[in-house]
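Take a look at the structure set out below.
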Number of protein chains: 2
Amino acid sequence: MAAAEGEPIRFGILGCATIARKVARAIHLSPNAALHAVGSRSLPKARAFAAAVASAAAAAPPRAYGSYEEVLDDPAVEAVYVPLPTALHLGWAVAAAEKGKHVLLEKPAALRVSDLDRILEVCQSNGVQFMDGSMWLHHHRTARMRQFLSDPTLFGNLRVIHSTSTFRADAVFLEHNIRVKPDLDSLGALGDLGWYGIGAILWAADYALPATATALPAPQLNQAGVLLSCGASFHWHDGKAATFHSSFLSAVSMDLSVHGSGGSLQVTDLAIPFREDRAAFESTAGAHFSELHLGWSRTPEEVAVEAPLPQEAMMVKEFAELAMGVRDGFRRPEPKWGEVTRKTQLLVDAVKTSIELGCKTVDL
Amino acid sequence: MAAAEGEPIRFGILGCATIARKVARAIHLSPNAALHAVGSRSLPKARAFAAAVASAAAAAPPRAYGSYEEVLDDPAVEAVYVPLPTALHLGWAVAAAEKGKHVLLEKPAALRVSDLDRILEVCQSNGVQFMDGSMWLHHHRTARMRQFLSDPTLFGNLRVIHSTSTFRADAVFLEHNIRVKPDLDSLGALGDLGWYGIGAILWAADYALPATATALPAPQLNQAGVLLSCGASFHWHDGKAATFHSSFLSAVSMDLSVHGSGGSLQVTDLAIPFREDRAAFESTAGAHFSELHLGWSRTPEEVAVEAPLPQEAMMVKEFAELAMGVRDGFRRPEPKWGEVTRKTQLLVDAVKTSIELGCKTVDL
């Protein structure tokens with residue numbers, strides 16, 4: 001069952017979550033990936049999922065299995081995508097890596113950094129690629145924004161970052177969704193949405209870890225103690241500062257603003273762009289108030305970026321390229337993605353700890 | 001020297017600060033105001049200022065006095081604009097009100113709320129109008145934004161506010177400007193720029209005072225102890241939350257984002273619009289992620305507002321209207337503006353106290 005050199009990476013998907021349909025589509029769209037199998041605890045659900053994604057992609061249906069184990073035991077499966085509830089990530093990501101499958105793990109990666117460390121350790125010792133499901137990191141816009149932030153003549157030194165990741169959950173979600181259940185996704189909005197906000201802050205800071213994390217006062221929790229709304233501020237020794245807010249209780253927002261000594265950047269659809277084929281951000285560089293402060297010397301410039309593939313397909317493509325390099329003997333797994341995930345998880349943990357300590361400052 | 005009913009309000013200006021030139025222009029542009037006198041501790045400076053603003057407005061020059069007292073003693077002066085260093089506001093605003101002059105006071109209004117209370121008290125007991133110099137509150141855009149935020153079907157309930165007010169001061173400013181001198185403007189960036197951020201938050205919250213204020217960690221101060229960069233978070237009992245950041249160390253920014261349960265609003269040139277004749281904001285209402293989260297059901301809408309007069313002229317016009325109503329016996333001074341100023345000052349004080357307490361939470 002070993003794939004020939006250069007053949008697409010064959011994916012298995014564990015579970016039939018809605019987001020799995022999005023990633024199944026991305027696997028079909030990605031030129032170097034193929035969807036080989038899907039597993040569910042319910043075989044009829046797996047079959048229905050397989051038929052639906054095949055029909056959506058006008059492709060042959062993947063194999064349907066009535067358990068996750070069977071996906072991992074299928075020797076043709078080279079990589080798995082794991083969109084299971086966060087509480088199940090540790091067990092299934094470790095099991096997949098131990099079977100030699102590359103692991104694409106939905107965010108939040110884990111409930112705590114010690115769980116993630118175990119996952120990363122097993123991936124490393126089994127020589128498989130790890131990546132979390134932060135799709136926006138793979139968008140061409142993200143690379144274009146990095147270019148702006150890295151330009152000392154335009155942006156200067158990073159000073160302040162702010163991000164929001166919110167959507168307004170309806171009553172059914174707030175009652176029944178996995179993401180508000182203490183046994184399945186105990187991080188709630190901090191894990192589901194804060195992962196984006198924290199990830200965006202780390203990305204903007206080029207992955208320099210802050211010195212401290214301080215939860216903002218008055219986080220909101222449901223009766224089971226799961227976070228519905230929270231925020232935090234981060235500070236770096238050089239004076240950089242960042243804040244984020246994540247919530248299931250506000251209208252949809254995906255803001256990132258980054259302020260430097262020379263310029264600033266604004267985007268309002270960071271984690272999920274408004275549309276698939278094109279995304280934009282605004283940048284301002286070298287602006288000052290005009291005479292008598294009657295206006296600005298320069299106004300923000302819209303920078304639009306075409307997207308040849310949706311960001312989730314870009315993610316699958318990059319992941320599959322790395323997996324293919326490992327399979328075909330060209331390279332070792334790329335450790336960068338595990339490091340990005342680990343820093344994000346570290347800050348999620350720190351914010352959670354700060355909240356548990358009554359919003360005390362936590363050193364990192 | 002009493003003005004006839006309906007005659008323009010005659011202004012005196014105390015001091016020749018750059019911003020006084022902007023307000024002198026606004027007085028000329030406002031149909032119900034006239035610039036009658038300017039005073040400086042240096043008569044040649046007052047004369048040069050008078051000549052410059054007259055030439056800019058193609059109007060007769062105002063009287064030039066070599067002291068502030070002479071402006072207050074001129075019976076033709078009905079209202080004064082006070083752009084002096086903050087440390088001098090208490091003395092000169094009180095002196096002006098005691099002479100029966102209406103007081104338009106540059107922001108920050110005072111060094112502390114007890115000083116402001118004295119100013120407001122003297123204005124009240126002398127029956128004169130008070131207003132601080134927050135020009136943006138008088139822009140047509142601000143009224144249009146209020147309309148959006150007040151619409152329960154579009155915006156819903158207020159949840160989160162974030163604002164930044166920053167500009168990058170050069171070395172000369174950081175060494176010599178009044179706003180970094182402990183004896184003249186000891187509030188530094190908190191007073192000069194935080195006044196906007198805090199004012200914007202209060203405005204967005206429709207002047208509901210928060211329950212707590214907590215400075216963000218690691219404010220930056222100069223060697224004399226004046227704030228160069230700081231921020232804070234505010235929380236309300238109903239779960240609303242807000243953050244702001246103000247700084248002399250970041251590129252120019254004037255962001256306000258307001259998130260509700262149903263919609264959101266974004267503006268990036270709040271306190272000083274990019275241009276004089278037109279200003280815009282973005283609003284999003286009723287948006288949700290589309291199927292499979294491949295995009296958004298709705299994208300932000302740009303709402304552009306024409307400005308018949310620059311915002312500072314709108315401010316002068318509104319202030320002069322109120323002053324004229326008092327002079328001509330139609331009304332008592334409008335207390336609203338003093339209340340707006342007082343709430344802003346209360347939060348400035350609370351943030352300063354929180355910073356002095358090592359970023360402890362301060363109850364309001």
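In what follows, chains carry the letters A, B, and so on, assigned in the order in which the sequence lines appear, proteins first and then strands, with residues in each chain numbered from 1. Just so it is clear, the structure is predicted and the values come from calculations on it, not from any experiment.
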Open item on the list: Quick one, B:Ser247 and A:His259 - any side-chain contact, counting heavy atoms below 4.5 Å?
Closed with: no

- [ ] Find out whether A:Thr166 and B:Arg159 are in side-chain contact, i.e. whether some heavy atom of one side chain is under 4.5 Å from a heavy atom of the other.
- [x]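 SC-SC contact between A:Thr166 and B:Arg159 ruled out.
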
Name the region of [X], side chain, backbone, both or neither, that has any atom closer than 4.5 Å to a heavy atom of chain A.
X	value
B:Ser297	neither
B:Ser261	both
B:Pro310	neither
B:His293	both
B:Thr284	neither
B:Ser253	both
B:Arg168	side chain
B:Phe274	both
B:Phe289	side chain

Open item on the list: Surrounding CD of B:Glu302 (heavy atoms of other residues, nucleotides or ligands, distance under 6.0 Å), is the total greater than 12?
Closed with: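 Enclosed.
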
What residue in [options] has the most heavy-atom pairs under 4.5 Å with chain B?
options	result
A:Glu291, A:Glu276, A:His237, A:Arg275	A:Glu276
A:Ala218, A:Gly260, A:Pro219	A:Gly260
A:Gly286, A:Pro273, A:Ser290	A:Pro273
A:Ala211, A:Pro300, A:Gly156	A:Pro300
A:Ile19, A:Asn157, A:Thr361, A:Thr243	A:Thr243

Side chain, backbone, both or neither: which part of [X] has a non-hydrogen atom closer than 4.5 Å to chain B?
X	result
A:Met135	neither
A:Leu294	both
A:Gln266	side chain

Shortest non-hydrogen separation from [X] to [Y] and the atoms involved:
X	Y	value
B:Pro217	A:Thr214	CG-OG1, 3.6 Å
A:Leu216	B:Leu216	CD2-CD2, 4.1 Å
B:Ala287	A:Val252	O-CG1, 3.2 Å

TODO: Starting at CG of A:Leu292, measure out to CD of B:Glu312 and round the result to the nearest 0.5 Å.
DONE: 9.0 Å

Open item on the list: Can you tell me how the ring of B:His162 sits relative to the ring of A:His162, calling it parallel under 30°, perpendicular over 60° and tilted otherwise?
Closed with: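 Aromatic pair B:His162/A:His162 classed parallel.
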
Open item on the list: Heavy-atom pairs under 4.5 Å with chain A - which of B:Thr268, B:Asp269, B:Thr212, B:Leu249 has more of them than the others?
Closed with: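 Most heavy-atom pairs within the cutoff with chain A belong to B:Leu249.
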
